[in-house]
2 protein chains.
Amino acid sequence: MARTTGSHSGITGPKIRTAALELFAKHGFAAVSMRQIASEVGVQAGALYNYTPDKQSLLFDLMQSHMTELLAALPDEDAAQPLEMLEQFVRFHIAFHHERPEAVFIAYMELRNLTPENFALIEDLRGQYENRLQNILIAGQASGAWTVKDAKIATFAVIAMLTGVNTWFRSEGRLSLNEVQDQYWQMVRNAVGG
Amino acid sequence: MARTTGSHSGITGPKIRTAALELFAKHGFAAVSMRQIASEVGVQAGALYNYTPDKQSLLFDLMQSHMTELLAALPDEDAAQPLEMLEQFVRFHIAFHHERPEAVFIAYMELRNLTPENFALIEDLRGQYENRLQNILIAGQASGAWTVKDAKIATFAVIAMLTGVNTWFRSEGRLSLNEVQDQYWQMVRNAVGG
DNA sequence: CTTGGTTCTGAACGCTTGTTCATATAACAT
DNA sequence: ATGTTATATGAACAAGCGTTCAGAACCAAG
């Protein structure tokens, strides 16, 4: 036997990415085999190599796509006052990350499974994202919108705090996304002394 | 050949735990083989099974030890006013986690590689730790020491923020541990509205 | 209806995996 | 010095790994 009925590149390609995303998030990159991904897609392992040169590229593509989408979706920089921009950032980060828990999980947990070259590329994208927040914090320092001492530390603190939402928040739970955004915005605003 | 000169249980046992800790933290549980651990110890793979029934138990033991030590090292609960207790907690968390980056990393990243039973045990220990902070936050709410609305959310937010220190702080860097503790304490205190 | 290119199968490749076990030797107790 | 026990080796096991490739079957265009 060989090619099966209904097989098509435009379908199988995305299917592979979705299956890999879910499996990597659930079990970890190293613990997932190409045969498992193929089985999830409904195809033999060899067929995956029509769509990715190897397993490493599959991981890298998922992470790069995620980081690129994240940067592209970021609200405009110079649209408003520092306090508004910070609020925008907080609400954006929570909402965007809530919508793609698997990609977020992978982007944080699988860095060590990237080749050094790929790692550097992803770290650069992450740095760009962190810089956006850091610039907001610096702008607010300059304008006296808040009192936080070290913008770099505050950047790390805020991002860690916000990303932590993904570990516990579920939309079916006690709180709505909006309530969570409100409470985190209050905590972030207080934390920077705004 | 067989048993080598100088071989001793009291030496090899800890060596295995140390090697496993470092390798798991660096490459991930699934990506590390028993042969790699053995090689790090200077022994053949079969010898490891004099010290652990299997690879899974090795991971679980490391995680359980870490969580147990964490709980045992926690400062006393009813020793002071809420504000002092919260400050104590913040400084303790940062210092304790800074001293054992590998164990912390593993305890957060390798949860999905535990069997369901082992996972439940570790999650219970983690829950106990989080409860200690939550109780402090509730006590402060009751006494009016601060204004934070939802103690559960604040617990998650503070722990995520504090644990994030490990991703960037190095003692050789620009800041001392004490300075970092000071700044994070200020941010946490502000965040809860204290 | 044929041709050509795309997408798949299924077998194979050399290697690595966690784990077991007979066997050998070092270390200790007597 | 002898006997016992603890601790190691090294080979073996079946299973699984990422990846390659010849050939088969599908799809679309002429």
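Protein chains get the first letters and strands the later ones, always in sequence-line order, with residue 1 at the start of each. Here the structure is a predicted model, which means the values were calculated and not measured.
Distance CD (B:Gln56) to P (C:dT17): 18 Å, rounded to an integer number of Å. What separates CG of A:Leu59 from C1' of D:dG18 is a distance of 15 Å, to the nearest Å. If you measure from atom CZ of B:Arg35 to atom P of C:dG18, you get 7 Å, rounded to the nearest angstrom. Rounded to an integer number of Å, the gap from NE2 of B:His27 to C1' of C:dT17 is 17 Å. For the pair B:Lys55 NZ and C:dT17 P, the interatomic distance rounds to 9 Å; values are reported in whole Å. Atom CG of A:Asn50 is separated from atom P of D:dC26 by 17 Å (rounded to the nearest Å). Nucleotide D:dT9 holds its P atom 9 Å from the CG atom of B:Leu48, rounded to whole Å. The nearest whole Å value for the distance from the CE atom in A:Met34 to the P atom in C:dA11 is 20 Å.
Here the nucleotide nearest the side chain of A:Tyr49, chosen from D:dG10, C:dT19, D:dG18, is D:dG18. Of the candidate nucleotides C:dC8, D:dG10, C:dT9, C:dT9 has the atom nearest to the side chain of A:Gln44. When the nucleotides D:dA12, D:dG18, D:dT9 are ranked by their closest atom to the side chain of B:Val43, D:dT9 comes out on top.
Using a cut-off of 4.0 Å between Lys/Arg side-chain N and Asp/Glu carboxylate O, B:Glu22 and B:Arg100 are scored as not salt-bridged. A salt bridge is defined here as a Lys NZ or Arg NE, NH1 or NH2 lying under 4.0 Å from an Asp or Glu carboxylate O, and A:Asp76 with A:Arg132 fails to meet this definition. The pair A:Glu87-A:Arg91 meets the salt-bridge criterion, with a side-chain N (NZ, NE, NH1 or NH2) lying under 4.0 Å from an Asp/Glu carboxylate O.
Among the atoms of the strands shown, only primed sugar atoms or phosphate atoms (P, OP1, OP2) are found under 4.0 Å from some heavy atom of B:Val32.
The aromatic rings of B:His97 and B:His66 sit perpendicular, their planes meeting at an angle over 60°, well past the 30° parallel limit.
Using a 4.0 Å cut-off, some side-chain N or O of A:Tyr51 falls inside it from OP1 or OP2 of C:dC8. At C:dT16, none of the side-chain N or O atoms of B:Ser33 fall inside 4.0 Å of OP1 or OP2 (strictly under the cut-off). Taking side-chain N and O atoms only, B:Thr12 has a distance below 4.0 Å to OP1 or OP2 of D:dA8.
In terms of position on DNA chain C, the residue among B:Ala45 and A:Ala47 whose nearest nucleotide sits closer to the 5' end is A:Ala47.
Under a 3.5 Å cut-off, the side chain of A:Ser57 and the backbone N or O of A:Pro53 do not form any donor-acceptor pair.
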